[in-house]
Amino acid sequence: MAETAADAADTGQSSRTDARKAARAERRAARLAHQIGAFAKEHGGAEGQLAYIGQAGARIVLVGEDGAWGDLVAPTYAVAENAAAKSGITMHEEFDGEFALKVRTGPYEWSRMAGMQIGGPSNDR
């Protein structure tokens with residue numbers, strides 16, 4: 001009988017832990033959705049794409065209608081999907097074609113890319 005009571009206690013503790021994790025993930029998704037919405041509002045709308053980045057979670061890449069871009073990182077791919085769905089923006093399966101053409105880069109990005117090609121800052125040294 002003691003094993004049954006211990007099993008029930010473990011199951012109860014496990015379900016409380018799962019409920020806390022689910023609530024935390026839901027709050028994180030809501031915060032990310034708010035940030036996505038703010039980006040979209042600031043840039044005349046937005047589209048996005050999700051990318052799994054390993055143990056770090058998932059990256060939500062955003063491209064505004066004005067060509068501005070940014071990204072957010074979610075702790076898990078599921079949280080990123082939930083945030084994207086809550087935000088209501090159009091999501092793309094891949095970052096290619098017409099979607100990639102919407103990104104407008106500025107002098108900073110070009111100097112960083114050129115610097116990498118002509119011996120600029122590198123972590124390889």
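Numbers for residues simply follow the sequence, beginning at 1.
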One should read off an interatomic distance between Q35 CD and L32 CG, to the nearest 0.5 angstrom, of 5.5 Å
Non-neighbouring partners of K41 that pass salt bridge (Lys or Arg N to Asp or Glu O under 4.0 Å), sequence neighbours left out: none
Tell me, which pairs form a ring-ring contact (aromatic ring centres under 6.0 Å, His included) where one or both residues lie in residues 47-81, sequence neighbours left out? none
Reported CG-to-CD distance for the pair D96 and Q49, which is rounded to 0.5 angstrom: 8.5 Å
With salt bridge (charged side-chain N to carboxylate O under 4.0 Å, His left out) as the rule and sequence neighbours excluded, what pairs involving residues 75-91 come up? E26-K86
Linking I/L/V/M/F/W/Y whenever their side-chain heavy atoms sit closer than 4.5 Å, directly or via other members, would V61 and V103 fall into one cluster? yes
Smallest heavy-atom separation, A74 atom then V79 atom, equals CB-CG1, 4.1 Å
T76: partners by side chain to side chain donor-acceptor pair (under 3.5 Å), with sequence neighbours left out: none
Quick one, K102 and E47 - any side-chain contact, counting heavy atoms below 4.5 Å? yes
Quick check: is V63 connected to I89 through a chain of hydrophobic side chains (ILVMFWY, heavy atoms under 4.5 Å apart)? no
So, taking the atom named CG in L62 and the one named OG in S87, what distance separates them when rounded to the nearest 0.5 Å? 8.0 Å
Nearest heavy-atom contact between H43 and G64 is CB-CA, 3.8 Å
Mind listing the closest non-hydrogen atom pair of A33 and A83 along with its distance? CB-O, 3.5 Å
F39 and L50: same hydrophobic cluster, using ILVMFWY side-chain contacts below 4.5 Å? yes
With sequence neighbours left out, the residues meeting salt bridge (Lys or Arg N to Asp or Glu O under 4.0 Å) with R59 are D71
By ring pair (Phe, Tyr, Trp, His ring centres under 6.0 Å), which residues pair with H92, not counting sequence neighbours? F99
Assess whether side chain to side chain contact (heavy atoms under 4.5 Å, CB included) is satisfied between I60 and V73, documenting all intermediate values. CA-CA 6 Å; I60 306 166; V73 176; over 6 Å; no
